[in-house]
Protein chains: 2
Amino acid sequence: MDVKTTCLGVLAMGEATGYEIRKHFEDGPFSHFAEGGFGSIYPALNRLTADGLVECTEQAQDKRPDKKVYRLNDRGFSALLQSLERAPAEDRYKSDLLFMLFFADHIPPTRLAALIDDRIAFYRDKLAQMAECRQDDAAPFGPAFVHGFGACVYQAALDYLERHRAALIDRVARAQAADAAE
Amino acid sequence: MDVKTTCLGVLAMGEATGYEIRKHFEDGPFSHFAEGGFGSIYPALNRLTADGLVECTEQAQDKRPDKKVYRLNDRGFSALLQSLERAPAEDRYKSDLLFMLFFADHIPPTRLAALIDDRIAFYRDKLAQMAECRQDDAAPFGPAFVHGFGACVYQAALDYLERHRAALIDRVARAQAADAAE
DNA sequence: ATTTGCATATATCAAATCGATATATTATGT
DNA sequence: ACATAATATATCGATTTGATATATGCAAAT
């Protein structure tokens, strides 16, 4: 599922600029499972336009760069539906924090605490933010299902960190103290 | 955290070939939070060798390509510890399946069921596999903490799919039937 | 009996993506 | 007064992905 396809997905929810698509990847309902920076979004939109899957209207703005508003057309919507027929690739998860915590035994306990606390705060924020945006009843079921999945997984991650934080820090502190004493 | 650093991480657990590092990314204790194919691992190992962070011993094999066994040296270990001091990047999660399920309302219920069932089977396998590899008591705490985190999150994802599978499929089926009837 | 596929191993390369930077203006916070 | 964030597009080197090439042994299915 490349950036072109995820852009089609965002545009299926309504017209948007490249800048707005980026925001959807960061904050919106796509943020839990899609990604993409400007460096991939803008070329993708150019390509989609050239391939005739989206249409672009330039809107001049006072004291701002021109907006390029992209809109999905019928061929674009078909392309999106086709992408839903292919077998999904495996999920991909990458976490610097978990890599670091794997080597927790080599990290000072105070830093360990700071790292975990930051992530706890992050998950709390995320969950609070997600709790706010409840859907209206007429909404389609897909987005609600995916939203619920994201919330559920974030909650599990948060709970785990809160439940095991103290034990990890305590054990590492003891081990390091014993090691220093030799 | 680039592939060079994650390779250092794997090599900190013991010497390995590029091929074996790949397997660690796929199955081993790093698989929940690190990634990398041959196309990034082999260049990374060449680079690490050139930079003097790892050492390489070629082992000729009968009827097999030569093995290149890589081993972390002191400078390499220092580099790994230094990477633990930097601020971790945000986690990155990408899921084709969730993208597709976001548009569940456009997917036939039978396919929806197949997609979800496949993922349920995947999570069950993964969790069974993870349950097997228990650690010995003398092991460092970091790997156990990260292992527990992974298991906890996978379990939450599995539970969610099992609990909400039927409702999603049922609702989508009704909506599509109503839509077809017009 | 034979083909198909998987495991062992390294390597390369085009295409895709990332991450930082450039440009320009306004609004907001310190 | 000054710095930072937000709005908006664009580029570009560096990194990563995903597919393919090469070579062989072994096991399982046809």
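A note on names: the letters A, B, ... follow the listed sequences, proteins ahead of strands, and every chain is numbered from 1. We use all heavy atoms of the structure for the numbers below, so side chains are in, but hydrogens, waters and symmetry mates are not.
Summarising the geometry, the separation between CD1 on B:Ile21 and P on C:dT10 is reported as 9 Å, rounded to the nearest angstrom. Following rounding to the nearest Å, A:Arg86 (CZ) and D:dG18 (C1') show an atom-to-atom distance of 16 Å. With rounding to whole Å, B:Arg47 atom CZ is found 10 Å from D:dA14 atom C1'. The interatomic distance linking B:Tyr70 (OH) with C:dA9 (P) rounds to 14 Å, in whole Å. As a whole-Å value, the separation of A:Leu45 CG from C:dA16 P is 15 Å. Rounded to whole Å, atom C1' of D:dA10 lies 13 Å from atom CD1 of A:Ile41.
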Please enumerate all protein N or O atoms sitting under 3.5 Å from an N or O of nucleotides 18-21 of chain C, with distances to 0.1 Å.
from   : atom 1 : to      : atom 2 : distance (Å)
C:dC18 : OP1    : B:Arg92 : NH2    : 2.9
C:dC18 : OP2    : A:Ser40 : OG     : 3.3

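For the pair A:Tyr42 and D:dT9, the criterion of a side-chain N or O lying under 4.0 Å from OP1 or OP2 is met. Taking side-chain N and O atoms only, A:Tyr19 has no distance below 4.0 Å to OP1 or OP2 of D:dT9. Taking 4.0 angstrom as the limit, A:Lys68 places a side-chain polar atom (N or O) nearer than this to OP1 or OP2 of D:dA10.
Each of A:Asp2 and B:Glu20 was matched to the nucleotide of DNA chain C holding its nearest heavy atom; the match closer to the 5' end belongs to B:Glu20.
Side-chain contact between A:Lys68 and A:Thr57: absent, with no pair of heavy atoms (C-beta onward) separated by less than 4.5 Å. Between B:Met130 and B:His147 there is a side-chain heavy-atom pair separated by less than 4.5 Å. Counting only heavy atoms from C-beta outward, the side chains of A:Glu90 and B:Phe122 approach each other to under 4.5 Å. Looking at heavy atoms from C-beta onward, B:Leu168 lies in side-chain contact with B:Ile116 at the 4.5 angstrom threshold.
The stretch residues 95-107 of chain A participates, sequence neighbours left out, in no salt bridge (Lys or Arg N to Asp or Glu O under 4.0 Å) pair at all. Applying the salt bridge (Lys or Arg N to Asp or Glu O under 4.0 Å) definition to pairs two or more places apart or across chains, those involving residues 36-48 of chain A are A:Arg47-A:Asp51.
Residues satisfying the side chain to side chain donor-acceptor pair (under 3.5 Å) test with B:Glu55, not counting sequence neighbours, are B:Asn73. Here B:Arg71 pairs with B:Glu15 under the salt bridge (Lys or Arg N to Asp or Glu O under 4.0 Å) rule; sequence neighbours left out. In this structure B:Asp118 satisfies the side chain to side chain donor-acceptor pair (under 3.5 Å) test with no other residue, sequence neighbours excluded. Take A:Asp27 and apply the salt bridge (Lys or Arg N to Asp or Glu O under 4.0 Å) test, not counting sequence neighbours, and it matches no residue.
Residues from residues 10-18 of chain A that place a heavy atom under 4.0 Å from any atom of DNA chain D, listed by number: A:Thr17, A:Gly18. In the region residues 22-30 of chain A, proximity to DNA chain C at under 4.0 angstrom, judged on heavy atoms, holds for none of the residues.
Within the 6.0 Å centre-distance limit, the rings of B:Phe77 and A:His106 are counted as a close aromatic pair.
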Which atom pairs, one a donor and one an acceptor, fall under 3.5 Å between side chains of residues 4-13 of chain A and the rest of the protein, sequence neighbours left out?
from   : atom 1 : to     : atom 2 : distance (Å)
A:Thr5 : OG1    : A:Asp2 : OD1    : 2.8
A:Thr6 : OG1    : A:Asp2 : O      : 3.2
A:Thr6 : OG1    : A:Val3 : O      : 3.0

Donor-acceptor pairs are to be reported for all side-chain atoms of residues 30-44 of chain B against protein atoms at under 3.5 Å, with residues two or more places apart or in another chain.
from    : atom 1 : to      : atom 2 : distance (Å)
B:Ser31 : OG     : B:Gly28 : O      : 2.8
B:Glu35 : OE1    : A:Arg92 : NH2    : 3.4
B:Glu35 : OE2    : A:Arg92 : NE     : 3.2
B:Ser40 : OG     : B:Gly37 : N      : 3.4
B:Ser40 : OG     : B:Gly37 : O      : 3.1

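Side-chain N/O atoms of B:Asp125 and B:Gln129 include no donor and acceptor closer than 3.5 Å.
Rounded to 10°, the angle separating the first-five-pair axis and the last-five-pair axis of the helix from C:dA1-D:dT30 to C:dT30-D:dA1 equals 50°.
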